[in-house]
Student: 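Pasting a structure below so you can have a look.
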4 protein chains.
Amino acid sequence: MSPKVSDAYKEEKRASILAGALHCFTEKGFQATTVEDIVRHLGISKGAIYSYFSSKEDMYIQMADDRMNAMVESLSAQFKDITSAADKIRFLFDRFQKQPLHELRKWLTFHMEFMLYAARQPELIDYFSKYSSKALSLVQKIIEDGKKSGECRADLDETAAPYLFWAVRDGLALQFMLYGEEADYRSILKDMENMVLRYILKSPPN
Amino acid sequence: MSPKVSDAYKEEKRASILAGALHCFTEKGFQATTVEDIVRHLGISKGAIYSYFSSKEDMYIQMADDRMNAMVESLSAQFKDITSAADKIRFLFDRFQKQPLHELRKWLTFHMEFMLYAARQPELIDYFSKYSSKALSLVQKIIEDGKKSGECRADLDETAAPYLFWAVRDGLALQFMLYGEEADYRSILKDMENMVLRYILKSPPN
Amino acid sequence: MSPKVSDAYKEEKRASILAGALHCFTEKGFQATTVEDIVRHLGISKGAIYSYFSSKEDMYIQMADDRMNAMVESLSAQFKDITSAADKIRFLFDRFQKQPLHELRKWLTFHMEFMLYAARQPELIDYFSKYSSKALSLVQKIIEDGKKSGECRADLDETAAPYLFWAVRDGLALQFMLYGEEADYRSILKDMENMVLRYILKSPPN
Amino acid sequence: MSPKVSDAYKEEKRASILAGALHCFTEKGFQATTVEDIVRHLGISKGAIYSYFSSKEDMYIQMADDRMNAMVESLSAQFKDITSAADKIRFLFDRFQKQPLHELRKWLTFHMEFMLYAARQPELIDYFSKYSSKALSLVQKIIEDGKKSGECRADLDETAAPYLFWAVRDGLALQFMLYGEEADYRSILKDMENMVLRYILKSPPN
DNA sequence: GATGAATGAGAATTCATTCAT
DNA sequence: CATGAATGAATTCTCATTCAT
């Protein structure tokens, strides 16, 4: 009777279905994952899925949504304690360094499939741009602060730099998506960090 | 005994089917494109497709193959007349600048879907790595020559640098895959050119 | 959690699909029968077939399996009450006599097509041999018991005799598979019975 | 210009196509053999096939026809020199003994597939019966002569005995069609010879 | 006559979604 | 409310036959 209990239960269930579906999607890909796969993995019924989500596509969107929010929130939170622009950039590269390559591949696959999917559906593009801009803003803020504090080159384009940052990162992940050694990946990632810092800072390291 | 149609005819037909299929793949994606779609677009029969290609996958592979070969060959040819490493890099960025964004999007979509597809098929990964290494070698050669001539930093890692180059390029394309203005894209691409040249050259431009 | 339909219902459904498929297979043959034919005959959907059987071949195997098991079980049960070897052989010939020729033809057609099919699929041959040996063992047991009791010739090869028995039976069915009068078939079957009894018994009838 | 030359050439070509097709049919079966298979095996064109035969089915019928005629003619010819009924039966069993099991399997497969095929086509049944009766007559003649000469039991049914003979033979082949050792096959075939001779002769061997 | 490229009607199988129980 | 059996449109690929060259 009490809607509160019911709503909490429903949200929990929704989240658990999404988690199970995410597991399957990262494992086999969105298209290749069948509703049957998800249902088997979760030990629930097909009907249950359809009482929480209107379609397989709906699950996908809600999932990407949840994940992007979580990423940006987590990063923003951790930036609280870092003041230097260079240190923030280093902190981000550190996070990239810490992520195992196989996990990166899994996520990249998930995101690429989502982008591909979004590319065919105009209404998703706006949605996508909204979330991408969160990641861009995060870096733009770093640059702006860095310019104010004199850490960053005054003539650096603060709109373009965030694109550069993410492009460098995503581009490298793309290079290593299908094959390549973890050690090589980390070493090149380190070079990238140098290249980026060299480019944005007034007085580059070494 | 002798074939009733020439080899030239067959190659032309093969190419025309591939062109039609590419049109459909870039329009709707590989998975979403049905053989029926291709056949309807080309005004031929289903059987014709299967007498030139063993499967939809085969068309995809031959297409990627053709394209990668063409790209590397065309670049290698044009490099004949350029001696300076910096000029070669600039030449490449010039080519990127000249490609209309909508066309880039089409190709990127095609390649991403192929990568995603290859990611699930271990036997395709080798195939893929073979061709990727062609693009990497091209840039590696530039760096090596540049180091010999003293144009490039002596301490530059000539194995990592090609990854950087392509990562930067592919990563930016990825950023603009779904949305973004052509002008912004070009402007950031210019910045990237600067970042890359600054990183690899002994005496960076201004 | 608990299934919405009972196991009994599912088994009944499985059996009904098998019955419908058998009807079609005996009518048109395995290869010539399409899944569409079966589905139309049963008034169900294509999907229903595939939720009970993994393929058309699977239906075929389960069908042959069911039938062979039923035959051997039914014979074994009825042998309980017969002690004499000669009577057991006579009982078997009696059963052959009772089967209408048109029905024999139907079954023979079914089994021959299955053998032909199995002949091209090495993994089915083992399966087939397992079931054939059931029929052979049944007769071998009769011979062995008959030798012990002194009914059968002591120098009779108890491994070969079962082959003889079934060869004689199947061979005659083969002769009458396409044409021939029911009366002729029965009369020759009677002669066969004599030939076989004469061959295996110490003191043949008349 | 001269039709004689042309006709001879045509007959030769017809026969060579038939031989090639037979090779393919015994190898893979009628249904599984594609016209492409035959054409590749023979090194001719598809059109050539269709200028000699109206369809794949037509090839099959003409082939079975040729083969049955050849078998009966060859046997009849060889019987010229044998007078005793028992010796004729032994001669036949000798021929069966000489045929390698793998070859028997190939032929049996071919004939079974043809029977199955004929079973669905009423107009082929008459055709089939005509040829089968040739094989039956051959043995019936032996029995009749044997009865006249006193070799065979006087009360033997000369209509039924030929069926028995061929049933015994075809039935054993059927038992060994899919698996079984060559040695076992030969040993049981010998037993069968004994069983048959015992049954038809007035004074059976040993 | 010979050729073999082209045809296109089918075939088996899959799977997101529904809805009776 | 949950369940999972049933649905059936959609998909890839095959191959006997034809017919322009």
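Side-chain atoms are counted along with the backbone in the values below, which use heavy atoms only and exclude waters and symmetry mates. The structure displayed is predicted, hence computed values, not measured ones. First the proteins, then the strands, lettered A, B, ... as listed; each starts at 1.
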Student: So, A:Asp58 and A:Ser55: side-chain donor and acceptor under 3.5 Å apart, yes or no?
Tutor: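 The criterion, which ignores hydrogens and geometry beyond distance, is not satisfied for A:Ser55 and A:Asp58.
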Student: So if I take every side-chain heavy atom of C:Lys46 and compare against E:dG10, F:dA10, F:dG4, which nucleotide ends up nearest?
Tutor: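 Out of E:dG10, F:dA10, F:dG4, the nucleotide with an atom closest to C:Lys46's side chain is F:dA10.
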Student: Rounding to a whole Å, what distance do you find between A:Glu57:CD and E:dA16:P?
Tutor: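 Nearest whole value for this atom pair: 13 Å.
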Student: Do you know which of A:Lys28, A:Lys46, A:Lys56 makes salt bridge (charged side-chain N to carboxylate O under 4.0 Å, His left out) with A:Glu36?
Tutor: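 Of the listed options, the one satisfying the test is A:Lys46.
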Student: Provide, to the nearest angstrom, the distance between the CZ atom belonging to D:Arg14 and the C1' atom belonging to E:dG1.
Tutor: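 So the two atoms are 19 Å apart, to the nearest Å.
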Student: In the structure I gave you, are the side-chain heavy atoms of C:Phe53 and C:Arg14 within less than 4.5 Å of one another anywhere?
Tutor: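 C:Phe53 reaches C:Arg14 side chain to side chain.
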Student: D:Ser54 near the nucleic acid: base, sugar-phosphate alone, or nothing, with a heavy-atom cut-off under 4.0 Å?
Tutor: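 Result for D:Ser54 = nothing.
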Student: Compare side-chain N and O positions of D:Tyr50 against OP1 and OP2 of F:dT17 and report whether any pair is under 4.0 Å apart.
Tutor: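 Indeed, a polar side-chain atom of D:Tyr50 lies that close.
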Student: Separation of D:Phe53 atom CZ from F:dT17 atom C1', in whole Å?
Tutor: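 The answer, rounded to whole Å, is 16 Å.
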Student: Under 3.5 Å for both donor-acceptor distances, Watson-Crick or wobble: does E:dA20 have a partner, and if so which one?
Tutor: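 Partner of E:dA20: F:dT3.
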Student: Assign B:Tyr52 to base, sugar-phosphate, or nothing according to its heavy-atom contacts below 4.0 angstrom with the strands shown.
Tutor: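 Here B:Tyr52 touches the backbone only, sparing every base.
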Student: To the nearest angstrom, how far is D:Arg40 atom CZ from E:dG4 atom C1'?
Tutor: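 In whole Å, E:dG4 C1' and D:Arg40 CZ are 13 Å from each other.
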Student: Tell me the interatomic distance from B:Ile38, atom CD1, to F:dT11, atom P, rounded to whole angstroms.
Tutor: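 So the CD1-P distance, B:Ile38 to F:dT11, works out to 12 Å.
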Student: Taking NZ from C:Lys28 and P from E:dG10, how many angstroms apart are they, rounded to a whole number?
Tutor: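 Spelled out: NZ on C:Lys28 to P on E:dG10 is 11 Å.
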Student: Using a 4.0 Å heavy-atom cut-off, does C:Ile44 contact any base of the nucleic acid, only the sugar-phosphate backbone, or nothing at all?
Tutor: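 Here C:Ile44 touches the backbone only, sparing every base.
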Student: Specify the residue among D:Glu36 and B:Phe30 whose closest nucleotide of DNA chain F lies further upstream toward the 5′ end.
Tutor: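 Between the two, 5'-proximity favours B:Phe30.
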Student: When we call it a touch if two heavy atoms are under 4.0 Å apart, what does B:Tyr9 touch: a base, just sugar-phosphate, or nothing?
Tutor: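 Sugar-phosphate contact only - B:Tyr9 comes under 4.0 Å of backbone atoms but never of a base.
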Student: Could you say whether B:Ser51 or C:Ala32 is positioned toward the 5' end of DNA chain E, judged by the nucleotide with the nearest heavy atom to each?
Tutor: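 Closer to the 5' end of DNA chain E: B:Ser51.
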Student: Are any side-chain N or O atoms of B:Glu113 and backbone N or O atoms of B:Gln31, one a donor and one an acceptor, separated by less than 3.5 Å?
Tutor: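 Answer holds: yes.
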Student: NA contact type, B:Lys56, heavy-atom cut-off 4.0 Å: base, sugar-phosphate, or nothing?
Tutor: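 Sugar-phosphate only.
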Student: Given atom CG of B:Leu42 and atom P of E:dA6, what is their separation to the nearest angstrom?
Tutor: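 Going from B:Leu42 (CG) to E:dA6 (P), I get 12 Å.
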Student: Please compare A:Thr34 and A:Gly47 by the position of their nearest nucleotide in DNA chain E and report the one closer to 5'.
Tutor: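 In this pair, the answer is A:Thr34.
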Student: For the ring pair A:Tyr60 and A:Phe114, is the centre-to-centre distance below 6.0 Å?
Tutor: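 For A:Tyr60 and A:Phe114, the ring centres are under 6.0 Å apart.
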Student: Both C:Ile49 and B:Ser55 contact DNA chain F. Which one's nearest nucleotide lies toward the 5' end?
Tutor: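 Residue closer to the 5' terminus by nearest nucleotide: C:Ile49.
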